[in-house]
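Note that the structure is predicted; figures quoted are calculated from it, not measured. Whatever order the structure lists them in is the order used to number ligands and atoms, beginning at 1. Residue numbers start at 1 and run along the sequence shown.
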Amino acid sequence: MASVEIRGVQKHYGGFHALRDIDLAIEEGEFVVMVGPSGCGKSTLLKTIAGLETVSSGTLFIKGRDVTRLEPGERGIAMVFQSYALYPHMTVAENMGFGLRMARRPKAEIDAAVARAARILRLEEQLDKKPKQMSGGQRQRVAIGRAITRSPDVFLFDEPLSNLDAALRTQMRVELATLHVQLGSTMIYVTHDQVEAMTMADRIVVLQDGNVEQIGAPLDLYDNPANLFVATFIGSPSMNLIKGKVKTVNGEAFVDAAGTLLPVGGKHTVTEGQEVTYGIRPEHLELADDGFEGKVGVVEPTGSETMVFVHAGGKDILALFRERHMFTPGQVIKLRPRKDAAHLFDATTGKRI
Ligand code: ATP
């Protein structure tokens, strides 16, 4: 039985179609990340699961129970927001025990649940503090603690790390992943940050304009993006995308992009003259004497890697090298896509070929 099942969910805000026929089954214990650009509908989808938004049509099940018409408090979920939403006049312990107090649970049970959450989140020394005496990361841990004390069937996270600085975000990412392993609970997490999605998710749901573009394990999406949108959205730096036409030279298929020949590799079925978008990830380009020529533009050495923009095929292509190279702007170098690393997309539909 799926932990959460979303069947044919639609959401209209007046004339605006925010969710378009969403189907999704989330397994018990899965960490699913919903990702997409601003306005794609990810928060709306999370809120419909939480019961903070009604659906226009469709059905929602949590642990096999139809919760579509139930109040948030009856759904067995706990939600963590970007804004923490802590009560400023309550201590950490009071904030964490709030849900159980509202549910009129016995004091001993509340104390035990708060102590357990504090232990898991390393907040034992902070229980008597007020939120304003804590850092952003600590406050977010309290908000997560408040969710843990309720022992929900499903945890819902709405961009919980967005208010934190970069270093703290990285640390909290690890903490959340560890928490997921410790608790083994089903978690649904919304973010616009594809790095968070890639690093934390068992499966990622990519949304755009209220549609699910693709669902899959992070590396599946990285290696086999279903369309140009997913190819562009997943991966940092982004995949290079170059428009051109299929051309056969000496029996081998290439994409001719403004005179630059980019090898298609063996795994795509293409026809002569077909208009396509050629995709190659920056780390899948290597220096090779039989590669295509390009002129070096901006060079960005970061220490661990070197990024270099190379003008070829009518645009600037980014190549990323783990080993150190000394490039100088204006220099002509030859690049070859790694064998079978090329992605091809239909020029009209954007779908993977
Ligand atoms: P962000 O990352 O910016 O929060 P999102 O992907 O979470 O974006 P949603 O908040 O789900 O986006 O909103 C999806 C779309 O629905 C947006 O275009 C938004 O303007 C619209 N929308 C959301 N809530 C309402 C509402 N209460 N009334 C009307 N339109 C809404």
Derivation and outcome, salt bridge (charged side-chain N to carboxylate O under 4.0 Å, His left out), residues D153 and K63: CA-CA 8 Å; D153 294 326; K63 285 210 153 172; 3.7 Å; yes
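Between F292 and F254, the gap from one ring centroid to the other reaches at least 6.0 Å.
With sequence neighbours left out, the side-chain hydrogen bond (donor to acceptor under 3.5 Å, both in side chains) criterion links T248 to E272. Residues satisfying the ring pair (Phe, Tyr, Trp, His ring centres under 6.0 Å) criterion with F157, sequence neighbours excluded, are Y189.
Ring-plane geometry between F327 and H325 is classed as tilted, the angle between the planes lying from 30 to 60 degrees on a 0 to 90 degree scale.
Among residues at least two apart or in separate chains, there is no ring-ring contact (aromatic ring centres under 6.0 Å, His included) pair with a member in residues 56-84.
Listed as neighbours of ligand 1 are Y13, F16, A18, P37, S38, G39, C40, G41, K42, S43, T44, E159, each bearing a heavy atom under 4.0 Å from the ligand.
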